[in-house]
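Here is the structure we will look at.
Start at 1 and go down the list; that is how both ligands and their atoms are numbered. The figures that follow rest on heavy atoms only: side chains count, while hydrogens, waters and symmetry mates do not.
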Amino acid sequence: MAERIRVLLTEEEVDAKIQEIGEQISKDYAGQQVHLVCVLKGGSFFMCELAKRITVPVSLDFMSVSSYGSETKSSGVVKIIKDLDEPLKDKNVIVIEDIVDSGRTLSYLLEMLRDRGPKSMKLCTLLDKPERRVIDVKVDYTGFRIPDEFVVGYGLDYDQRYRNLPYIGVVEFD
Ligand code: IMP
Ligand code: MG
């Protein structure tokens, strides 16, 4: 099946928004250190760009989870593929996600990370599809609320492709 990518958010729009979030986080955590937890692979592009724009001290860690299910739907069953390298105890954790869709993956993940005793924990996502929410998750920093369409770019993939697009696009099929 042939597919095309329609631009939803340009590189300039995404960059400007990341700058805004970076400034907000720097303000909110003035005088403190933040520990960014990236959910691989999708959150990696966003986290790198965001980290560059945060002016308080930053440390980083990565984890990888997979939700069993088809390519475009998550089932809610989450498996840890790679855990964090460092403990979260007493840290100001900000979980960085590419997108919150049903909320299933994140609600599981956040609960698990909360058990590790961070000083504080917030959630930051580049994209949010509120219409798709099945489980309520509190998002503290949101880049863009988008309609219920399958998007790629800036870390988001379709069948592992398009993560490297510097903008957000919608996959369209002929
Ligand atoms: P949730 O558990 O349904 O919130 O699923 C979140 C995960 O599903 C994201 O971290 C993405 O990996 C994936 N996902 C959800 N919507 C999209 C999309 O539009 N494009 C690409 N991946 C998506
Ligand atoms: Mg993800």
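Clustering of Ile, Leu, Val, Met, Phe, Trp and Tyr side chains at separations under 4.5 Å places Ile135 together with Val134.
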If you look only at distance, which donor and acceptor atoms sit under 3.5 Å apart when one is on a side chain in residues 86-96 and the other is two or more places apart or in another chain?
from: Lys91; atom 1: NZ; to: Pro87; atom 2: O; distance (Å): 2.7
from: Asn92; atom 1: OD1; to: Ser120; atom 2: OG; distance (Å): 2.8
from: Asn92; atom 1: ND2; to: Gln32; atom 2: OE1; distance (Å): 3.1
from: Asn92; atom 1: ND2; to: Gln33; atom 2: O; distance (Å): 3.1

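Interface of Ser102 with ligand 1, defined as ligand atoms under 4.0 Å from a residue heavy atom, comprises 1 (P), 2 (O), 3 (O), 4 (O). Those atoms of ligand 1 that come under 4.0 Å of a heavy atom in Asp101, given as number and element, are 1 (P), 3 (O), 4 (O), 5 (O), 15 (C), 16 (N).
Open room surrounds CZ on Arg145; 12 or fewer heavy atoms of other groups in view lie less than 6.0 Å from it.
Contact analysis puts Asp98 in contact with ligand 1, with a non-hydrogen atom separation below 4.0 angstrom. For the pair Gly42 and ligand 1, no heavy-atom separation below 4.0 Å is found. Under the 4.0 angstrom criterion for non-hydrogen atoms, Glu149 is in contact with ligand 1. Under a 4.0 angstrom heavy-atom cut-off, Asp157 registers as being in contact with ligand 1.
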*Carefully, step by step, assess Ile54 and Leu36 under the rule side-chain contact (heavy atoms from CB on, under 4.5 Å).*
CA-CA 11 Å; Ile54 295 175; Leu36 305 184; 4.2 Å; yes
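Checked by atom type, the side-chain pair Asn164/Tyr154 shows no donor-acceptor distance below 3.5 Å.
If you look at Leu156 next to ligand 1, the close heavy atoms, those under 4.0 Å, all belong to the side chain.
For the atom pair NZ (Lys27) and CD1 (Ile25), the distance works out to 12.0 Å, reported to the nearest 0.5 Å.
The N/O atoms of Val151, backbone and side chain alike, include one that comes under 3.5 Å of an N/O atom in ligand 1.
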